Structures are given as C-alpha cells and as structure tokens.
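Counting starts at 1 for both ligands and their atoms, following the listed order. Numbering starts at 1 and runs along the sequence shown. This structure is a prediction, so every number in the text was calculated from the model and none was measured.
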Amino acid sequence: MRRYSRIAGTGSYLPPRRVTNDELAAELARRGVETSDEWIVERTGIHARHFAAPEVTSSDLALQAARQALEAAGCAAQDIDLIVVATSTPDMVFPSTATILQHKLGVSNGCPAFDVQAVCSGFVYALTVADAMVQTGAARCALVVGAEVFSRILDFSDRTTCVLFGDGAGAVVLKASDTPGILASDLHADGQHVGLLCVPGHVSGGAILGDPLLKMDGQAVFKLAVGVLEKTAHATLQKAGMSESEVDWLVPHQANIRIMQSTARRLHLPMDRVVVTVGEHGNTSAASIPLALDHAVRAGQIKPGQNVLLEGVGGGFTWGSLLLKM
Ligand code: ACO
C-alpha cells in the first residue's frame, strides 16, 4: 500500500510586541526616515507587525508554535522522528535552529533535525522534503516549522524594506497516512536573481564582511513573483490532476496584498477563498505560510477534507507550491 503524509495538527506563535504602522512611522521619524500608515496600507495591505524582544531567537518562537501543533495533533514531543525548520534568521551560523529546537522541545530520541534555507519559499520547501521522507518510510511523524526574527536583519534607515517585515513562527505535524494528505508539490530556484533580495554580509575571520542587512529591489521582486506564482500553482494542480475550481483555499506567502490579489485573479479564485493575514503579521518570510494556515484552521475557515494550495516566493530566487487535503 502506498504511503502518504497528512497534516495532523497546526500551530503558530507571534511575539507579544505588536507595532502598528503609526508606531513604526513615529519611530522612523526620529531617525529622519519618512513614511506613513497611508503609504504602507495602500502599497502593501500591512497595518501592523510583531517584533520579538532582543533576546528572543527563532528557536524560541518555533518552540511555542511547535508545542501548539503537537497539542493539536495529539502527539507527544517524543513521537517526533524528524524536525525540519525553515528559516533565514537562524539562532546561530551553526548548529541548525532545528537541533536547538529539538533540545528545547526535550526530544531525546536522536531523530534527524535540520534547517532549510529558501527564504520566503522555505516552508513549502521544508514541507516537500518532509513529505518525501514520510513517503519513503524515513519518518512517520515529522515536525515542520517556519520561524523568523526578520526584525534583526532590517535596515531601519531604508523605508522601502523596513516597513514590510515582521517576526513569528508557524508549525505543522505531518503524519504517515494510508490516505493522501499532501497531493503534489512543485519547487524551483533561479540563482541568477541572487542580488534582487539578499542579506549580503557573511562572517569571516571573526568579523562580518559586507552589509548584514536586507536589500531588496521591490519592483523587480513584485514582477517576478506574480509570474512564477501563477506558473507553479498550475504545475502543482496539473501534477495532482485537479483544476483551479477544486481549490477550496489558497494560502499564499504573505508579502503584499497586491501580489495575492493578482495571483488570485490569475487563478480565477475569488479573494474570499484566499487566506490573508499580511495586514496583522507583515511579511514573516518562512513563517508566513504556516502562520496563515494555522490562523485559518483555528478560525474555522479551513476545514477537514478541504483542498488547500500553499505557495511561496522569495530570495534566491526561489518559488514553489504544494497542494494538500486537510
Ligand atoms: N513610505 C513612504 N514612501 C515610500 C516608502 C515608504 N515606506 N517606500 C518607498 N516609498 C516611496 C519611494 O521612494 C517612491 O518615491 P518616488 O516616486 O518619489 O521615488 C514611491 O514610494 C514609490 O515606490 P515604489 O518602489 O515604486 O513602490 P511600489 O508600489 O513598487 O511598492 C513595494 C514597493 C511595497 C516594496 C512593492 O514593490 C512590493 O511589495 N514588492 C514585492 C516585495 C516582496 O514581495 N518581497 C518579499 C519577497 S519574499 C522574501 O524572500 C523576503
């Protein structure tokens, strides 16, 4: 009998400090940087984001989201036999945030744990990898997390980027199943666009060489994103033998409401079938899709048996999508 993987529980966590556009604009004004709630809302749909306290790391946020997902799945931490964390803001250069999370969760069974680095596509990449490992029998109960403290890599003198991002974490527990949960996925990367969206700095000889803050050509990213998101959604639907009309919910990467509206239009999906959390979360990179998924599950929007299409795009350039039955 063929083995499948299925989401058994979801969880998420936002750090308590909520920063509205007006609060951020006032903070930026003190540094001589001009922005406004009107500009941010009109161009992005973002009203607020959450920022973690300075001592809080991605693994701390991941821990809270993971505990919620385990509870929802009815699993104990020791049941986990694979941990994959998608993050671009790891606790350390090494070891992985996944191994740090493993220890914080008290998982002492020696299960594999590793990070996936695909920026905002990270969660779709991580879920695809975990699904493949469950299908081959390498894992039976995988914890897949997206966790970020993007506030650490923001340049607060650059108004074109610092207003867009926030911190948070989302998690799912993926279990082996006789019936299909994850139906199909599609992943891509194109390294020629590395410079469009990057944090160029790196550690060398005890110092940071290059700028350790986020750089983005927003307009170029916007144009690329809209095209590749449509293509990958269609590729995944084709692999699953399904049509656009069979998608109950689209859970897109939460970067900008205009990108989501454009993608929905191209997929002939009304906006009331698109999960939108960017207004309250901002762009939380690898955390954005699992945060939005958990939000919609807990709000009673996404129900068991429904078809959910996840899709992400981010630095690299990377992009991908994944179709699942809840
Ligand atoms: N407040 C006020 N004015 C601003 C701000 C701001 N925060 N930021 C830019 N402006 C100004 C610009 O200086 C410009 O002024 P000018 O016309 O006098 O030169 C004007 O607003 C228009 O700027 P644009 O860059 O043309 O604005 P645009 O409508 O393209 O919106 C944005 C910018 C929001 C960044 C948009 O391009 C976007 O969302 N791009 C996609 C970004 C994205 O999705 N990134 C995440 C990918 S995921 C990952 O991997 C991290």
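Remark: Q238 CD is loosely packed, at most 12 non-hydrogen atoms of other residues, nucleotides or ligands lying under 6.0 Å away. Around atom NE2 of H103, no more than 12 heavy atoms belonging to other residues, nucleotides or ligands sit under 6.0 Å away. At most 12 non-hydrogen atoms from other residues, nucleotides or ligands lie less than 6.0 angstrom from NE2 of H295. Annotation: K231, atom NZ; neighbour count of heavy atoms from other residues, nucleotides and ligands within 6.0 Å does not exceed 12. By the 6.0 Å contact criterion, CD on E246 is enclosed, its count of non-hydrogen atoms from other residues, nucleotides or ligands being greater than 12.
With a 4.5 Å cut-off on side-chain heavy atoms, V149 and T57 do not count as touching.
Looking at atom 9 (C) of ligand 1, its nearest protein heavy atom turns out to be W39 CZ2, 3.3 Å. Summary of contacts: the protein heavy atom closest to atom 31 (O) of ligand 1 is R258 NH2, 3.5 Å. Among protein heavy atoms, atom 30 (O) of ligand 1 sits closest to Q219 CG, 3.3 Å. In this structure, the protein non-hydrogen atom closest to atom 49 (C) of ligand 1 is C120 SG, 2.4 Å. For atom 43 (C) of ligand 1, the nearest protein heavy atom (residue, atom name, distance) is V221 CG1, 3.7 Å. With hydrogens left out, the protein atom closest to atom 44 (O) of ligand 1 is A255 CB, 3.3 Å, a heavy atom. Ranking protein heavy atoms by distance to atom 41 (C) of ligand 1, first place goes to G218 O, 3.5 Å.
In the candidate list E38, H253, R43, R43 is nearest to atom 29 (O) of ligand 1, counting heavy atoms. Between M260, M216, E148, it is M216 that holds the heavy atom closest to atom 45 (N) of ligand 1.
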### Task
Take Q306 and W249 through the side chain to side chain donor-acceptor pair (under 3.5 Å) test and state the conclusion after the steps.
CA-CA 8 Å; Q306 289 190 320; W249 289 100; 3.0 Å; yes
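Here's the thing with R159: one of its N/O atoms is less than 3.5 angstrom from an N/O atom of ligand 1. Residue-to-ligand polar distances place G315 within reach of ligand 1: an N/O pair is separated by less than 3.5 Å. Distances between N or O atoms of S36 and those of ligand 1 include no value under 3.5 Å. Residue N283 has no N or O atom closer than 3.5 Å to an N or O atom of ligand 1.
With salt bridges taken as basic N to acidic carboxylate O contacts below 4.0 Å, none links D167 and R152. Taking a cutoff of 4.0 Å between a charged side-chain nitrogen and a carboxylate oxygen, R18 and E280 qualify as a salt bridge.
A donor and an acceptor atom, one from each side chain of E148 and T284, are nowhere located under 3.5 Å apart. Donor-acceptor pairing under 3.5 Å is recorded for the side chains of Q117 and S88. H234 and D186 form no side-chain donor-acceptor contact under 3.5 Å, judged by distance and modelled atom types alone. A donor and an acceptor atom, one from each side chain of Q135 and D131, are located under 3.5 Å apart.
Only the side chain of N256 comes within 4.0 Å of ligand 1, judged by heavy-atom distances. No part of T161 comes within 4.0 Å of ligand 1, judged by heavy-atom distances. With a 4.0 Å heavy-atom cut-off, ligand 1 is reached by the backbone of T35 and by its side chain too. With a heavy-atom cut-off of 4.0 Å, L197 touches ligand 1 through its side chain alone.
A heavy-atom separation below 4.0 Å is not found between I40 and ligand 1. Not close to ligand 1: A225, with no non-hydrogen atom less than 4.0 angstrom away.
The protein reaches atom 4 (C) of ligand 1 closely, with a heavy atom under 4.0 angstrom from it. Within 4.0 Å of atom 39 (O) of ligand 1, at least one protein heavy atom is present. Within 4.0 Å of atom 16 (P) of ligand 1, not a single protein heavy atom is present. Protein heavy atoms all stay at least 4.0 Å away from atom 19 (O) of ligand 1. At least one protein heavy atom sits closer than 4.0 Å to atom 26 (O) of ligand 1.
When each atom of ligand 1 is checked for a heavy atom of T44 under 4.0 Å away, the hits are 34 (C). Of all the atoms in ligand 1, the ones that sit under 4.0 Å from a non-hydrogen atom of G314 are 48 (S), 49 (C), 50 (O). The contact set between ligand 1 and V313, taken as ligand atoms under 4.0 Å from a residue heavy atom, comprises 48 (S).
One hydrophobic cluster holds both F51 and I40 under the rule that ILVMFWY side chains link at heavy-atom gaps under 4.5 Å.
Using cut-offs of 30° and 60° for the angle between ring planes, the H188 and W319 rings count as parallel.
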